[in-house]
Amino acid sequence: NTVPVRFQLDATMTANAALALIQQQANNSRDHEYLTLAEIQAAAPDLRAREPLFDHLVVLENYPMDASLRGAGAGAEGAAASEMAISITDIRAYERTDLPLNLVIVPTADGLEATFMFDARVYPVAQISHLAEHFVDLAQKLVQAPGQTLSSVDMLTPAEGHWLTSQWNKRQSDFPTD
């Protein structure tokens, strides 16, 4: 079951400490994973009248999945004919959610694969593409320097940083000199 996890990060924390805190909070909530979201919502009556418990979802799968099971449409290529009497190809998996934005992260042989699923009526494709660029850039920065504090992480992508220093700062305005 999906269990909402509430956590608060401190800007002085390192990336490693922040991930450890999130993992600890998720582990602490495991006692309640048998509850449905409706039961969790009912247990928090002060939230029931306002908004849903969450409207975006980040899922980190804790087990590797073959590409064909992730919906890549790949078959069982590479296996010798003598190894298989039956061949299954073109496997596809489809997920559906009622939330406007989901980020699903799955471990692969090459690292992590992130998939953004979103409601195009809420988020334009360009906005999700921009978000994905930031996600990749931020993940790379945190992996390269996991001991840096969260407040010291540069949130601009290299392209944005370049534009800011080379283009935006070059703009001249005709201000009155008197």
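With hydrogens and angles ignored, the 3.5 Å screen pairs a side-chain donor or acceptor of Ser151 with a backbone N or O of Ala11. A donor-acceptor distance shorter than 3.5 angstrom exists from the side chain of Thr165 to the backbone of Gly161, with no hydrogens or angles considered.
From Leu150, atom CG reaches atom CG of Asp10 across 8.0 Å, with rounding to the nearest 0.5 Å. Atom CG of Asn27 sits about 6.5 Å away from atom CZ of Arg30, to the nearest 0.5 Å. Taken to the nearest 0.5 Å, the CG atom of Leu60 stands 8.5 Å off from the CD atom of Gln23. Leu19 CG to Met13 CE: the interatomic distance, rounded to the nearest 0.5 Å, is 9.5 Å.
Hydrophobic clustering, with ILVMFWY side chains joined whenever heavy atoms are under 4.5 angstrom apart, keeps Leu99 apart from Phe118. In the hydrophobic clustering of this structure, Val122 groups with Leu103; members are Ile, Leu, Val, Met, Phe, Trp, Tyr whose side-chain heavy atoms approach within less than 4.5 Å, directly or through other members.
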- Task: Could you check Phe135 against Phe116 for side-chain contact (heavy atoms from CB on, under 4.5 Å), going step by step and ending with a plain yes or no?
- Result: CA-CA 10 Å; Phe135 176 78; Phe116 288 84; 4.0 Å; yes
- Item | Criterion side-chain contact (heavy atoms from CB on, under 4.5 Å) on Leu156 and Leu164, from CA distance to verdict | CA-CA 9 Å; Leu156 296 176; Leu164 190 64; 3.8 Å; yes
- Query: Which is it for Ile105 and Val59 under the side-chain contact (heavy atoms from CB on, under 4.5 Å) test, yes or no, and what are the steps along the way?
  - Reply: CA-CA 6 Å; Ile105 304 167; Val59 177; over 6 Å; no
- Apply side-chain contact (heavy atoms from CB on, under 4.5 Å) to Ile128 and Leu101, showing your working. CA-CA 9 Å; Ile128 297 299; Leu101 177 61; 3.9 Å; yes
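Considering only heavy atoms from C-beta on, Lys141 comes within 4.5 Å of Asp154 through its side chain. Counting heavy atoms from C-beta outward, Tyr123 and Leu131 have side chains that stay 4.5 Å or more apart. Using a 4.5 Å cut-off on side-chain heavy atoms (C-beta onward), His56 and Asn102 make no contact. At a threshold of 4.5 Å between non-hydrogen side-chain atoms, the residues Val153 and Leu142 count as touching. Between Pro158 and Asp137, some side-chain heavy-atom pair lies under the 4.5 Å cut-off.
For the residue pair His134 and Glu160, a side-chain donor N or O sits within less than 3.5 Å of a side-chain acceptor on the partner. Inspection of the Asn16 and Thr14 side chains reveals no N or O donor paired with an N or O acceptor under 3.5 Å.
What you find for Phe7 and Gln25 is that their closest heavy atoms are CB-CG, 4.0 Å.
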